[in-house]
Protein chains: 2
Amino acid sequence: MAKQIHSVIPLTLNALKAACSQCNLRELCLPYGLSEQEVEAVDNMVGVRRRIKRQQHLYRAGEAFEAIYAIRSGFFKTDVLLEDGRDQVTGFQMAGEILGMDGISGEAHTCNAVALEDSEICVIPFVHLERLSREIQALQHHFHKVMSREIVRDHGVMMLLGTMRAEERLAAFLLNLSQRFTARGYSPAEFHLRMTRDEIGSYLGLKLETVSRAFSRFQDEGFISVQQKHIRILNIAGLKTLLTHQAS
Amino acid sequence: MAKQIHSVIPLTLNALKAACSQCNLRELCLPYGLSEQEVEAVDNMVGVRRRIKRQQHLYRAGEAFEAIYAIRSGFFKTDVLLEDGRDQVTGFQMAGEILGMDGISGEAHTCNAVALEDSEICVIPFVHLERLSREIQALQHHFHKVMSREIVRDHGVMMLLGTMRAEERLAAFLLNLSQRFTARGYSPAEFHLRMTRDEIGSYLGLKLETVSRAFSRFQDEGFISVQQKHIRILNIAGLKTLLTHQAS
DNA sequence: CAGAGGTGTTGACACAAATCAAACGCTTAG
DNA sequence: CTAAGCGTTTGATTTGTGTCAACACCTCTG
């Protein structure tokens, strides 16, 4: 894991030109109502596509910030490391979501982005994005919304970490995944976890044993069935009850 | 507290025109190197100043989003409420910091912003900001940095909530306040807390009793002296040790 | 096909923080 | 000046989650 030569080597064969105009994730990445001309400008803004293999870093904390990344396919995690070795998974990202906005503030990335499965991303050089944003109002506004959405998401995680108990956190996590898979046309009830129990635990502020126990409990109660990373939600309403109900 | 008539009534007397060009917080709110002409444009972009009295809301979750706010003076908290009554303080903001970016994504605010002392803010209508951002590149980039900084800050809070123990959280909190007061020309070692133990606890994911006990312990150890809301840091290095050291 | 290593589950126990409870001390209002 | 009320401190106890440990399972490699 630590032995990867270095970061990501862009494979020339895979350095295909992206084409937002053709992309089925268009509605996730781009605003509505762009003219043909504007979409073409966006096509030109987006640099290359790049494949990132499982366990490879898309970027690392400390690296110079030059671009943000749109996930075309695959699954990522982002995490922050403390000097003393502790780390915190700050998010899991899937197709259509944007990575790298943490880097804008300090001209360097502040977290690591790691592919949890073989993935494909579009490189969006940031100077290009800013230039085009100055020309296309809808694009500008859309980008602001994307950043704002990230802030709102982070607030949700704070709520989760600050006020919820272990089972509530896991229920919230599963419901969130379910909802995001649904939005991408996958089953709301059945999916594969791309991350380990340890990574889930880090994200939720729990130890992996606690995550495992909560999964087992959910299974015992008939809310879900778990086999390794394969999850089937049997009772969404039941999971939701865990969330709203538990006022202490 | 719940009886305030409604939100914030702009007092016409206080609806003074802001003047960024004259503002001593200029370097916090604005990019370097704007031309005179550009600063004047920014002056025009910023709407009015508004006074918010202690315990008044600057905005509430659900209200339409129309502007972001720069704090001229004073102190705020932001918090998110869950249906079941739980709430999470998501941040404390002081002079020169920006409030309201959570509202961009959904056209409505997603959290509440409450003044913790009598405060003064500059209203920045968002359409104006976007318009001017399209004209002044430095302003655009600066705003992107501000949003990104908020994301990075949120990651820090996640780290805190996800991996730290009670005393580490409080130490991190005090050091962060100290550093921000310092940046504003106040004493790094002596300050007044504007928030209650309960609010600190909510922010740090702890109960108020735990916060109180941690304060007492810090005092016993000679790191700080506490008298109600008056804090004096006696041993910054000691507090820092609490952070780096505690790898479990 | 076997073995190794990474990953996940489960149990026993320890411990940090929550909870419950009482009292104290500021601050505010009459 | 006094009383009321909120915020804070401190103590006793409970409890949820962490820790440590053993084992089972799955996957990949040779």
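Keep in mind that what you see is a predicted model, and the values were worked out from it rather than measured.
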### Query
Do any side-chain nitrogens or oxygens of B:Ser216 fall under 4.0 Å of OP1 or OP2 in D:dT10?
yes

### Task
List the steps, then state whether side chain to side chain contact (heavy atoms under 4.5 Å, CB included) holds for B:Leu99 with B:Ile71.
CA-CA 8 Å; B:Leu99 280 164; B:Ile71 304 175; 3.8 Å; yes

### Query
CD of B:Gln228 versus C1' of D:dT9: gap in Å, rounded?
9 Å

### Query
At what angle, to 10 degrees, do the two end axes of the helix from C:dC1-D:dG30 to C:dG30-D:dC1 meet, given five pairs define each axis?
40°

#### Entry: Nearest-Å distance for atom pair CD/P, residues A:Gln227 and D:dC25
13 Å

### Summary
Heavy-atom nearest pair, A:Gln88 first then A:Leu161, reads NE2-CD1, 4.2 Å

### Query
Can you check the B:Asp198 CG to D:dC6 P distance for me, whole Å?
14 Å

### Interatomic distance where CG belongs to B:Leu160 and P belongs to C:dA17 [whole Å]
12 Å

### Message
Between P on D:dA12 and NZ on B:Lys207, what's the gap in Å once rounded to a whole number?
### Response
22 Å

### Task
Any ring-ring contact (aromatic ring centres under 6.0 Å, His included) involving residues 213-244 of chain A? Give me the pairs, sequence neighbours left out, ordered by first then second residue.
A:His192-A:His230

### Query
Is B:Gly201 touching bases, backbone alone, or none of the nucleic acid, heavy atoms closer than 4.0 Å?
nothing

#### Entry: Between C:dA18 (P) and A:Met164 (CE): distance, integer Å
16 Å

### Task
Give the rounded distance in Å between these two atoms: CD of A:Glu209 and P of C:dA14.
17 Å

### Query
How would you label the contact of B:Leu208 with the nucleic acid (heavy atoms, under 4.0 Å): base, sugar-phosphate, or nothing?
base

### Query
Is it true that A:Glu117 and A:Arg194 have a side-chain N and a carboxylate O under 4.0 angstrom from each other?
yes

### Summary
Rounded to whole Å, CZ of A:Arg197 lies from P of D:dA24 at a distance of 19 Å

### Query
Taking the side chain of A:Lys229 as heavy atoms from C-beta outward, which of C:dG8, D:dT9, D:dT17 is closest to it?
C:dG8

### Task
Side chain of A:Arg213 only, please: which of C:dT7, C:dG11, D:dT9 is the nearest?
C:dG11

### Modelled atom types, side-chain donor and acceptor of B:Tyr59 and B:Asp102, under 3.5 Å
yes

### Query
Is it true that A:Arg50 and A:Glu120 make a salt bridge, defined as a side-chain N closer than 4.0 Å to a carboxylate O?
no

### Task
Among the candidates C:dA17, C:dT9, D:dG16, find the nucleotide nearest to the side-chain atoms of B:Thr210.
C:dA17

### Task
Classify the side-chain pair A:Gln93/A:Thr78 by whether it contains a donor and acceptor separated by less than 3.5 Å.
yes

### Message
Measuring to OP1 and OP2 of D:dG7, would you say a side-chain N or O of B:Thr196 lies under 4.0 angstrom away?
### Response
no

